[in-house]
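Written out below as structure tokens is the structure these notes cover.
Keep in mind that the numbers below use all heavy atoms, side chains included, and drop hydrogens, waters and symmetry copies. Here the structure is a predicted model, which means the values were calculated and not measured.
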Amino acid sequence: MVLRVIFTHAKKHPALIPLFVIIGSGGVGAGLYLMRLAMFNPDVCWDKKNNPEPWNKLSPSDQYKFYSVNVDYSRLKKDRPDF
């Protein structure tokens, strides 16, 4: 239904096609980023029986940030106790 409306508007007004592409790619990018956060963020726990505190099992060399400037995670040393 929504795609039919978008296609009919795009046929009538071809100048709107870049707008539809940019808005659509932004929505897809936001959805993929939310999926990445839900799957790989150490603060999210999907299995509370087998791994109740997943943030305690991170090593210093695990990169969990999406983008980090001037940090080489492979050379970091452990500076916290084991629990």
Side-chain angles (χ1 to χ4, degrees):
M1 173 87 181
V2 175
L3 288 176
R4 184 183 304 166
V5 172
I6 290 174
F7 287 138
T8 56
H9 281 298
K11 284 182 185 177
K12 290 180 184 177
H13 307 285
L16 292 176
I17 293 173
L19 177 70
F20 292 144
V21 169
I22 290 171
I23 297 295
S25 62
V28 168
L32 289 174
Y33 183 67
L34 285 174
M35 189 172 65
R36 179 195 176 275
L37 284 177
M39 299 303 288
F40 300 115
N41 196 354
D43 296 332
V44 177
C45 182
W46 292 96
D47 186 15
K48 291 193 182 241
K49 288 183 181 177
N50 296 327
N51 194 5
E53 296 177 343
W55 49 88
N56 283 336
K57 295 189 179 184
L58 285 176
S59 69
S61 62
D62 290 339
Q63 180 179 356
Y64 60 92
K65 288 185 175 183
F66 184 70
Y67 180 73
S68 60
V69 181
N70 298 331
V71 176
D72 186 14
Y73 284 96
S74 63
R75 290 188 288 164
L76 292 178
K77 293 187 172 109
K78 187 173 184 178
D79 61 349
R80 58 185 178 229
D82 289 327
F83 289 110

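- Members clustered with V21: I17, by chain and number, using a 4.5 Å side-chain heavy-atom cutoff among hydrophobic residues.
- V28 and I22 are members of different hydrophobic clusters when ILVMFWY side chains are connected at heavy-atom separations under 4.5 Å.
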What pairs of donor and acceptor atoms, side-chain ones from residues 1-12 against any protein atom, are under 3.5 angstrom apart with sequence neighbours left out?
residue	atom	partner	partner atom	Å
T8	OG1	R4	O	3.2
T8	OG1	V5	O	2.8

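- Closest heavy-atom contact between P18 and A15: CD-O, 3.4 Å.
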